[in-house]
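Structure first, then comments.
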Amino acid sequence: MLKPILSQIKEFKRDSILTPIMMLLEVIMEMIIPLLMASIIDKGVTAGDLGHIQRTGVLMLVLAVFSLIVGVLGAKFGARASAGLARNLRQSMYENIQTFSFSNIDKFSTSGLITRLTTDVTNVQNAYMMILRMCTRAPASLLVAMVMAFLISPRLASIYLVAVIVLGVLLFLIMSKTMVHFREVFHRYDDLNASVQENVSAIRVVKAYVREDHENRKFRTASQNIYRRFLSAEKILSWTFPLMNFTVYACILLISWLGAHLIVSSSLTTGELMSLLTYCMNILMSLMMLSMIFVMVSMSMASIERISEVLNEKPDLVNPEHPVSHVSDGSVEFRNVTFSYKKDASKPVLRDISFSVRPGETIGIIGGTGSAKTSLVNLISRLYDVNEGQVLVGGRDVREYDMEALRNQVSVVLQKNVLFSGTILDNLRWGDENATLEECVRACQLACADEFIQKMPDGYDTYIEQGGTNVSGGQKQRLCIARALLKKPKVLILDDSTSAVDTATDAKIRAAFAQEIPNTTKFIIAQRVSSVAGADRILVLDDGRISGFDTHETLLATNEIYRDVYQSQTSGGGDFDEGGDD
């Protein structure tokens with residue numbers, strides 16, 4: 001679990017090594033100072049030797065300054081190492097997420113990934129800083145102070161030893177109890193982030209349906225769950241400092257009482273007693289620092305587990321050893337394909353699918369909600385792998401291709417249209433980053449987007465807000481189609497991508513495709529029969545199986561499902577599944 005985390009230290013190994021070295025030097029300087037103080041009292045003040053006091057005082061000052069310098073350097077190196085680790089963790093997690101297939105992404109919620117990239121990494125960063133500094137300083141300080149105390153008076157130092165053992169056991173029990181609660185806290189953070197994300201991204205829907213109170217209650221519940229978990233952990237941790245204080249004062253009282261008797265019997269000097277009291281504070285402060293480290297480590301262990309899950313996740317889809325990098329044409333063939341999202345699913349999403357499409361054909365796909373229309377086209381660009389059978393593009397199994405090469409030639413306009421913050425040109429050039437303005441304009445003309453872009457004050461330099469919130473649904477769909485066309489693909493898939501445009505515009509887009517990109521194979525998923533009636537052939541899906549695959553006229557004559565849908569729509573009954581999602 002720790003291996004993927006520690007591997008991210010990379011170029012910050014030097015800082016990670018120098019930090020504990022600086023801390024050790026600081027501890028050594030601080031441990032020598034009480035001995036010098038005892039010497040001043042016993043050999044300087046008591047003996048009236050002013051020269052000894054001055055010499056020892058100067059040495060103490062030099063050691064204090066040196067301790068300050070190495071302490072500052074340790075803080076600097078530690079900050080750089082911990083911040084660098086956090087940066088590398090976020091970068092590695094983000095890069096690994098980019099390699100995930102859809103099936104990998106399905107394992108993690110969006111809010112969960114955000115929490116892991118932010119809150120969890122911050123916890124690890126803070127814990128690493130404390131480990132480099134305090135986890136070196138505290139044990140070293142405790143050990144050196146204990147050795148020094150035993151050298152001065154083994155009898156009095158035994159008090160420290162007993163206190164350390166008892167307190168150590170109690171702190172361990174407290175920390176083991178709190179870890180359970182801290183693990184649960186970060187799962188609750190996922191729910192909180194999900195509530196915020198949903199509310200902000202769908203704020204228009206929330207206001208339209210006057211659901212502010214409902215969303216407030218949802219957020220309050222998620223926040224309250226985190227509060228309760230933290231409160232449970234803090235109630236247990238609240239015993240830490242009273243126990244520490246009790247131990248500190250008990251040790252001081254015992255050492256003072258026994259030390260006074262030893263001074264009277266000339267077994268101990270006054271300076272040595274002062275040194276012992278100083279070491280007492282060092283030992284118990286070291287224990288207090290260790291308790292703080294335990295708290296941070298308890299919190300970070302849950303975070304480390306969650307970060308490691310993302311770093312260790314391997315993409316389900318990988319390139320073959322010698323991938324094919326050229327797609328010869330836009331032909332598509334399904335051979336006895338069976339597919340399910342989960343390998344152990346009792347019922348597959350697609351069953352025994354077989355059909356072939358020639359390059360340049362336009363194929364309409366129609367079917368009810370849950371008939372697996374989207375699932376079928378996702379297999380063409382290898383967003384998922386089939387369980388059984390083969391999907392071929394350009395005469396080759398899609399699993400033989402380099403995935404980037406395949407997806408550059410199989411352009412998909414997904415059911416959920418997404419635009420990114422930036423200008424219209426920036427969004428269009430997702431299809432081809434080197435596209436000229438003329439090429440972008442031409443793609444928009446084919447997608448019937450140029451007409452509304454020209455009416456905007458800044459034209460193609462109009463800024464699109466995050467998620468495309470400042471354009472309508474139909475405009476967003478047309479921009480996404482134009483973006484896909486800029487890839488100049490051999491296969492173009494439109495997954496219900498004209499549902500938000502009027503029938504006339506839909507017809508214009510289809511006519512432009514037929515005229516301008518005749519050699520591109522086109523798959524058009526639609527709810528409206530009118531959107532696919534002009535296709536070369538139409539695939540009718542029913543419950544994950546092919547119900548019919550032929551021309552509009554033939555299907556009207558031979559396929560009962562298609563005929564019923566056509567008649568219901570032409571008689572004013574509406575779409576295949578009004579308002580349905582695949």
Side-chain angles (χ1 to χ4, degrees), residues 330-332 334 355 357-367 369 371-383 391 393 406-419 427-428 430-432 442-450 468 471-541 549 552 575-577 580-582:
S331 62
V332 175
F334 278 61
F355 66 90
V357 178
R358 297 181 295 274
E361 271 195 290
T362 298
I363 304 298
I365 302 177
I366 200 165
T369 299
S371 60
K373 304 183 295 295
T374 298
S375 301
L376 183 138
V377 295
N378 281 343
L379 300 177
I380 299 173
S381 55
R382 205 190 169 197
L383 298 179
V391 177
V393 175
L406 173 67
R407 290 170 186 171
N408 274 331
Q409 295 301 324
V410 181
S411 194
V412 184
V413 182
L414 296 170
Q415 203 171 29
K416 185 179 179 181
N417 299 286
V418 177
L419 295 176
N427 275 276
L428 292 173
W430 273 65
D432 179 3
R442 184 59 185 153
C444 288
Q445 288 172 343
L446 292 175
C448 295
D450 181 65
V471 291
S472 70
Q475 290 171 339
K476 190 187 295 186
Q477 284 188 337
R478 283 176 277 174
L479 286 172
C480 290
I481 292 170
R483 181 174 65 189
L485 290 174
L486 276 172
K487 293 180 75 171
K488 300 179 178 64
K490 289 186 170 66
V491 179
L492 175 64
I493 298 170
L494 303 179
D495 186 356
D496 206 13
S497 301
T498 57
S499 58
V501 302
D502 58 85
T503 307
T505 303
D506 185 11
K508 287 180 185 178
I509 293 172
R510 286 186 281 110
F513 285 174
Q515 183 177 351
E516 299 289 337
I517 49 172
N519 297 321
T520 297
T521 305
K522 296 167 282 290
F523 288 86
I524 302 173
I525 296 177
Q527 296 291 345
R528 295 187 296 230
V529 170
S530 60
S531 296
V532 297
D536 297 312
R537 286 183 290 172
I538 301 168
L539 185 69
V540 182
L541 285 175
F549 185 44
H552 169 70
D575 292 346
F576 198 113
D577 281 300
D581 290 322
D582 195 51

State, to 0.1 Å, how close [X] and [Y] come at their nearest heavy-atom pair, and which atoms those are.
{"X": "T521", "Y": "S331", "value": "OG1-N, 4.3 Å"}
{"X": "I363", "Y": "A535", "value": "C-CB, 4.2 Å"}
{"X": "I524", "Y": "T362", "value": "CD1-CG2, 3.9 Å"}
{"X": "I380", "Y": "V410", "value": "CG2-CG1, 3.8 Å"}
{"X": "G360", "Y": "D536", "value": "O-OD2, 4.3 Å"}
{"X": "V413", "Y": "A484", "value": "CG2-CB, 3.5 Å"}

Nearest-0.5 Å distance, [atom1] of residue [X] to [atom2] of residue [Y]:
{"X": "L486", "Y": "C444", "atom1": "CG", "atom2": "SG", "answer": "7.0 Å"}
{"X": "I517", "Y": "K522", "atom1": "CD1", "atom2": "NZ", "answer": "5.0 Å"}
{"X": "Q477", "Y": "S472", "atom1": "CD", "atom2": "OG", "answer": "9.0 Å"}
{"X": "I493", "Y": "I525", "atom1": "CD1", "atom2": "CD1", "answer": "7.5 Å"}

Problem - Backbone N/O of R407 and side chain of S381: donor-acceptor pair under 3.5 Å - result: no

Does the K373 side chain pair with the main chain of G367, one donor and one acceptor, at a distance under 3.5 Å? yes

Would you call [X] and [Y] a side-chain contact if the rule is heavy atoms closer than 4.5 Å?
{"X": "L479", "Y": "N427", "result": "no"}
{"X": "V418", "Y": "W430", "result": "no"}
{"X": "P359", "Y": "N519", "result": "no"}
{"X": "L539", "Y": "F334", "result": "no"}
{"X": "L492", "Y": "L485", "result": "yes"}

R537 meets the salt bridge (charged side-chain N to carboxylate O under 4.0 Å, His left out) criterion, sequence neighbours left out, with E361

task = Name all residues meeting the salt bridge (charged side-chain N to carboxylate O under 4.0 Å, His left out) criterion together with K487; count only those two or more places apart in sequence or in a different chain, and write none if there are none.
result =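 K487: no salt bridge (charged side-chain N to carboxylate O under 4.0 Å, His left out) contacts found.
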
query = Is there a side chain to side chain contact (heavy atoms under 4.5 Å, CB included) between V412 and V377 once you walk through the steps?
reply = CA-CA 9 Å; V412 184; V377 295; 5.7 Å; no

Exercise: do R478 and Q475 side chains pair donor with acceptor under 3.5 Å =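 Absent: no donor and acceptor within the cut-off.
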
One pair to check against side chain to side chain contact (heavy atoms under 4.5 Å, CB included): V391 and R382. What are the steps and the verdict? CA-CA 9 Å; V391 177; R382 205 190 169 197; over 6 Å; no

Step-by-step side chain to side chain contact (heavy atoms under 4.5 Å, CB included) determination, H552 to V529
CA-CA 9 Å; H552 169 70; V529 170; 4.2 Å; yes

